[in-house]
2 protein chains.
Amino acid sequence: MLGRKSVEQATRRATIADVAEAAGVSKTAVSFAFNSPDRLGTATASRILEVAGSLGYRPHPVARALTQRRTATIGVLTPQALSIIFSNPFFGAFSEGVALVAEESGYGLHFISPLHGSLANAVSRTTVDGCVAIGLSADHPEVDQVRRAGLPMVLVDSSALPDFPSVEVDDEAGARAAAEHLLALGHRDILVIGVEPPHPAGREDPEGVMNRRLRGYRAAIEAAGLELSDDHVVVGPASIAGGMAAFEGAWGDGLRPTGILAMSDAMAVGAMRAIRDQRMSVPGDLSVVGFDDLDLAQLIDPPLTTVHQPVRRKGEEAVRLLLSAISGRSAERPEHMRLETRLIVRASTGPPPVPARR
Amino acid sequence: MLGRKSVEQATRRATIADVAEAAGVSKTAVSFAFNSPDRLGTATASRILEVAGSLGYRPHPVARALTQRRTATIGVLTPQALSIIFSNPFFGAFSEGVALVAEESGYGLHFISPLHGSLANAVSRTTVDGCVAIGLSADHPEVDQVRRAGLPMVLVDSSALPDFPSVEVDDEAGARAAAEHLLALGHRDILVIGVEPPHPAGREDPEGVMNRRLRGYRAAIEAAGLELSDDHVVVGPASIAGGMAAFEGAWGDGLRPTGILAMSDAMAVGAMRAIRDQRMSVPGDLSVVGFDDLDLAQLIDPPLTTVHQPVRRKGEEAVRLLLSAISGRSAERPEHMRLETRLIVRASTGPPPVPARR
DNA sequence: CCGGTTTAGCAAACCGGTTTAGTGAAGCTA
DNA sequence: TAGCTTCACTAAACCGGTTTGCTAAACCGG
C-alpha cells in the first residue's frame, strides 16, 4: 500500500500550479503563502498552506534557486578524488571547521573533486554560491576557469593569488622549528618525508606547501652547517601507507638517518610503524617529527612530536572569508590570512643513539 | 586590473542569449552546440563554441538542472551536525565508500545535517537526486517527509522500513561474539559502553544500532548464566572523549569491571586512555573490545580487539542501491542488505587479573 | 526536372518557481 | 460623496537553460 502510494507520488510531484488550482487562487498567492504570508489575508494564507500540505507540496529547490540566484550551498574543492580525501584525517579536521561556520550560517556543503579528470569541468556543473579550494596549486588552469565563471572562491594552502582571498599557515617557520629541534638534540643525519603533490607530475608549484616546508627544513639544516641532499628527501602520498612506503624505500636504499622530518602526521605514523617493523624503537633508534598536530598525534605510542597548525581554524576562516565575498561586502582588496604554527614536543624525539655499529 | 575585470564579470554573467546574439544564431543553436553538436553544421558549431569561449560563457548549472530534472548530486543525511560528524573516523570511512561509488558514476556529494534543528527542512531546501541516510531512526518524522517528497532514499544503520532500500550489518551477532570472547577468557564482571543515540532523548528506537548490539551482548552474558545489570551499561557520545568520560563515570561510581565492551572503536580508545590515566594496564588489568575495526584499531597500542564491520562497503552498497532507485530500474521490492560482522582478536584482551584485592 | 528525403537552424513552449506592476474593492478622510 | 489609501490578490514577465515541432534549403535517384 505504502509502496503503491510512493510510486504514484514519484510519478508526478505536485507543483505550485497544482496547489494554486486546488486552492482556487493564483500561483502568486501560493508563493506568498510560503515566502511572505503577511502579504495575504490570514485566512487565505492558512488555507493555502493546508491545501499544499494535503497535496504533499514542497517548493522545488532547483526552481527556487534559479530565481533567487542563490543555492545556499558552498563547494569544497579538493585536488584529489573524494574517496582518497575522506580517508585523510587532516581533511576531516579541516572539514570540521568548514562545516561549523557553514552550518551556523545556513549553508550546506558540497564536495567537488576532479570528476572525470577535470576540476573545472566539475565546478561548472555544480550548483554552489562559492567555493573553498584546498591545496590547489595557483597555476592550475582550473583556477582561471573559476575566475572567469565569476564564482567567489577562497584558496587554502595554495600559493596566494592577488585576486582571491586566501588562508594559509606559516609553513616555513614551522618546518624550521621542527628541524632545529632535531638538530639541537644532536641529530646530523636527517631524512625528510614529503607529501607528494597530487597534481599530475611535472608542473610543480614552487610556492606549494611541500616546497615551503622544504625551505624551512633546509634553512635550519644549512644554518647548522650541514646539507640536505636530494636523496635525503623522499615523497609519497600523505597517508599512513605512504609514510611506511617512503621510509621503507629510503631504508632499502641504504639510508641510515637518526631523525625523520615528516610533512604530515599521517606519514609520521606510517614511518613509525615501518620503523617498528624493522625492530627498532622510537625515539631510541630514530626520532620522528610530524606536521599538523591532529588528534592522532597524541593518541599513538609514543605521542608524536609535531608542528601544530590550526587545521580546523583554517576551515572556519576560509568559510568566513567566502561568505563575506558571497554577500558582496568583501573588502576592496581580498584578504590574505596567515596563521601561526608552533612546535609541540612530545615523546617521539630524543637524542640520537650513541654511534655503535657505524 | 584583474580585480576590475573580475568585478565586471561578476556583475553580469554571460547567458545563452548573449552568446546567441553575438554569434548571430538562435538560443537553440547554442544549446545544440554544447549538447548535441551533430545536429549542427560543423562550421557553425565550432564558431558558436568559439564565441562562447570568448565571452566566458558556461551553461548555468541550476537552469540546466531545472530542465533536465537531474542535479547529478546525491545527499548524505546525517543525524548530527556536520562539525561533529566529520570528527568521527567512522564517518570518514563510510564517506570514503560513498564517495567512491558516487564519483565513478559522475555524482557529486552533498552533506545535509539538521540545519536549524530540522532535517526535513534541510532536505526540502536541498537540490539532490536522492539521498543516503545514516543512523536515522526509522520513526523519525523526517523520514515521512522525505517519503512524501518522493525523493529516493536508502537507509543505513536504521531499523529497516519496508518501502526504502537499506543496508545494515549483523550487529547482534557481532556483539554476541565480542561478549563470548571476554567470557571465554574468564571475565565475569563486564561493563558495556554504549553509543548515545543522537536524537533528542526520550523516543528511543528499539531497533536502533545501540539496542541491537545490546541484545547481542546480553544474549551471550545470559547464556553464560550471568546477568547484565542496568548500571553496567553506560552511554556517551561516540567519540574518544565520550569513551573516556563513560569509563571515568563508571569507575567513579565504584564499578570495578575486568572487561569492557565498547560499541565503537573511538569509545574503546577513550576508555583505554582513561584506564591508563588510572595507572592500570590493558589487557593486564582490564580487557577492552571495540566495535567497527577502523584503521585506528590497529594503530594504537595495544592493538584493539574489535568487531569488524565493513564500514566502507556499507557506503558503497548504499550508493549502488540509491543509484538504481534514482534511475528507476529498482526492483519491485526495495532491497535490504545485511552485511557480515566478525570478531578480530588483537592484543587488548586477555584473561582477567588473578583476584588480588577483592 | 520532379517528388521525396536529409540537413541546418529557428520560434515557441516548457521546467517550477519568484517578482513586478497593477486591479478592484473596502476603508478612511474631509 | 468625491478622492486618497490600504488591502488582498492576480496576470504576466522573468530566471537561464532544453526540447519539440516545424520550415526552408540542399541533396538525391530516376
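In what follows, chains carry the letters A, B, and so on, assigned in the order in which the sequence lines appear, proteins first and then strands, with residues in each chain numbered from 1.
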Colleague: Let's see if you get this right: which residues in residues 60-68 of chain B place a heavy atom under 4.0 Å from DNA chain D?
Modeller: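 Result for residues 60-68 of chain B: B:H60, B:A63, B:R64, B:L66, B:T67, sorted by number.
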
Colleague: May I ask you to say what A:R39 touches in the nucleic acid, namely base, sugar-phosphate or nothing, with a heavy-atom cut-off under 4.0 Å?
Modeller: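 Base, at least one base heavy atom under 4.0 Å.
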
Colleague: Is there a side-chain contact between A:E316 and A:E96 (heavy atoms, below 4.5 Å)?
Modeller: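 Of all side-chain heavy-atom pairs linking A:E96 with A:E316, none is under 4.5 Å.
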
Colleague: Closest to the B:P59 side chain: D:dC9, C:dG9, D:dG17?
Modeller: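 Nearest listed nucleotide: D:dG17.
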
Colleague: May I ask you to verify whether the side chain of B:T28 and the base of D:dT19 hold a donor-acceptor pair under 3.5 Å?
Modeller: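 Yes, a donor-acceptor pair under 3.5 Å.
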
Colleague: Any heavy-atom pair between the side chains of B:V154 and B:F164 that's under 4.5 Å?
Modeller: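 The answer is no, as the side chains (C-beta and beyond) never meet within the 4.5 Å cut-off.
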
Colleague: How would you label the contact of B:R70 with the nucleic acid (heavy atoms, under 4.0 Å): base, sugar-phosphate, or nothing?
Modeller: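 Result for B:R70 = nothing.
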
Colleague: Nearest to the A:S26 side chain among C:dA11, C:dC15, D:dA11, which nucleotide is it?
Modeller: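 My answer, after comparing the listed nucleotides, is D:dA11.
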
Colleague: Tell me, do B:R47 and B:T42 make a side-chain contact under 4.5 Å, heavy atoms counted?
Modeller: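 Heavy-atom side-chain distance check fails, nothing below 4.5 Å.
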
Colleague: Write down the distance between CD (B:E21) and P (C:dC10), rounded to a whole number of angstrom.
Modeller: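 After rounding, the reported distance stands at 13 Å.
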
Colleague: State whether B:Y107 and B:R70 meet the cation-pi test: NZ (Lys) or CZ (Arg) under 6.0 Å from the six-membered ring centroid, and within 45° of the perpendicular axis.
Modeller: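 B:R70 over B:Y107 ring: yes.
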
Colleague: Check every strand shown and say whether A:V25 touches a base, only sugar-phosphate, or nothing at a heavy-atom separation below 4.0 Å.
Modeller: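 A:V25: backbone/sugar contact only, no base atoms under 4.0 Å.
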
Colleague: Separation of A:F34 atom CZ from C:dG16 atom P, in whole Å?
Modeller: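 In whole Å, C:dG16 P and A:F34 CZ are 16 Å from each other.
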
Colleague: Rounded to the nearest 0.5 Å, how far apart are NE2 of A:H60 and CZ of A:R13?
Modeller: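 Going from NE2 on A:H60 over to CZ on A:R13, the span is 5.0 Å.
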
Colleague: Can you tell me the distance, in whole Å, between the CZ atom of B:F32 and the C1' atom of D:dC22?
Modeller: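 Result: 12 Å.
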
Colleague: Between A:R69 and D:dG16, is there a side-chain N or O to OP1/OP2 distance below 4.0 Å?
Modeller: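 Yes, such a contact exists.
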
Colleague: Could you tell me whether the side chain of B:S95 and the main chain of B:F91 form a donor-acceptor pair under 3.5 Å?
Modeller: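 Pair found, side chain donor or acceptor close to backbone of B:F91.
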
Colleague: In terms of heavy-atom contacts, does CD of B:Q68 have more than 12 from other residues, nucleotides or ligands at under 6.0 Å?
Modeller: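 For B:Q68, atom CD is crowded (more than 12 foreign heavy atoms under 6.0 Å).
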
Colleague: Is it the case that the side chains of A:H110 and A:T73 hold a donor-acceptor pair, with the cut-off being a distance below 3.5 Å and no angle test?
Modeller: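 Per modelled atom types, A:T73 and A:H110 side chains form no pair under 3.5 Å.
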
Colleague: Could you check whether the side chain of A:K27 and the base of C:dG17 have a donor-acceptor pair of N or O atoms closer than 3.5 Å, going by distance alone?
Modeller: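 Donor-acceptor pair under 3.5 Å: yes.
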
Colleague: Within this structure, what is the CG-to-C1' distance between A:L40 and D:dC9, rounded to whole angstrom?
Modeller: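 After rounding, the gap between these two atoms is 7 Å.
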
Colleague: Report yes if a side-chain nitrogen or oxygen of A:S31 is closer than 4.0 Å to either non-bridging phosphate oxygen (OP1 or OP2) of C:dT18; otherwise report no.
Modeller: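 For C:dT18, OP1/OP2 do have a side-chain N/O of A:S31 under 4.0 Å.
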
Colleague: State, with a plain yes or no, whether a side-chain heavy atom of B:I74 is found less than 4.5 Å away from one of B:V128.
Modeller: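 A side-chain contact is absent here, since even the closest heavy-atom pair is not under 4.5 Å.
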
Colleague: Note every stem involving DNA chain D: at least three consecutive Watson-Crick or G-U wobble pairs, i with j then i+1 with j-1, with both distances under 3.5 Å.
Modeller: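 The stems are C:1-30 with D:1-30.
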
Colleague: Tell me what A:Y57 touches on the nucleic acid: a base, only sugar-phosphate, or nothing, going by heavy atoms under 4.0 Å.
Modeller: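 Sugar-phosphate: the residue A:Y57, judged by heavy atoms under 4.0 Å, touches backbone atoms but no base.
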
Colleague: Once you round it to whole Å, what is the distance between P of D:dT18 and CZ of B:R58?
Modeller: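 About 12 Å, once rounded to whole Å.
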
Colleague: For the atom pair CG (A:L151) and SG (A:C131), what is the distance rounded to the nearest 0.5 Å?
Modeller: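 The CG atom of A:L151 sits 5.0 Å away from the SG atom of A:C131.
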
Colleague: Rounding to a whole Å, what distance do you find between A:D38:CG and D:dC9:P?
Modeller: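 From A:D38 CG to D:dC9 P: 13 Å.
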
Colleague: Rounded off to whole Å, could you give me the CD1-to-P distance for the A:I48 and C:dT18 pair?
Modeller: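 Answer to the nearest Å: 12 Å.
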
Colleague: Between P on C:dC14 and CD1 on A:I16, what's the gap in Å once rounded to a whole number?
Modeller: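 These atoms are roughly 17 Å apart.
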
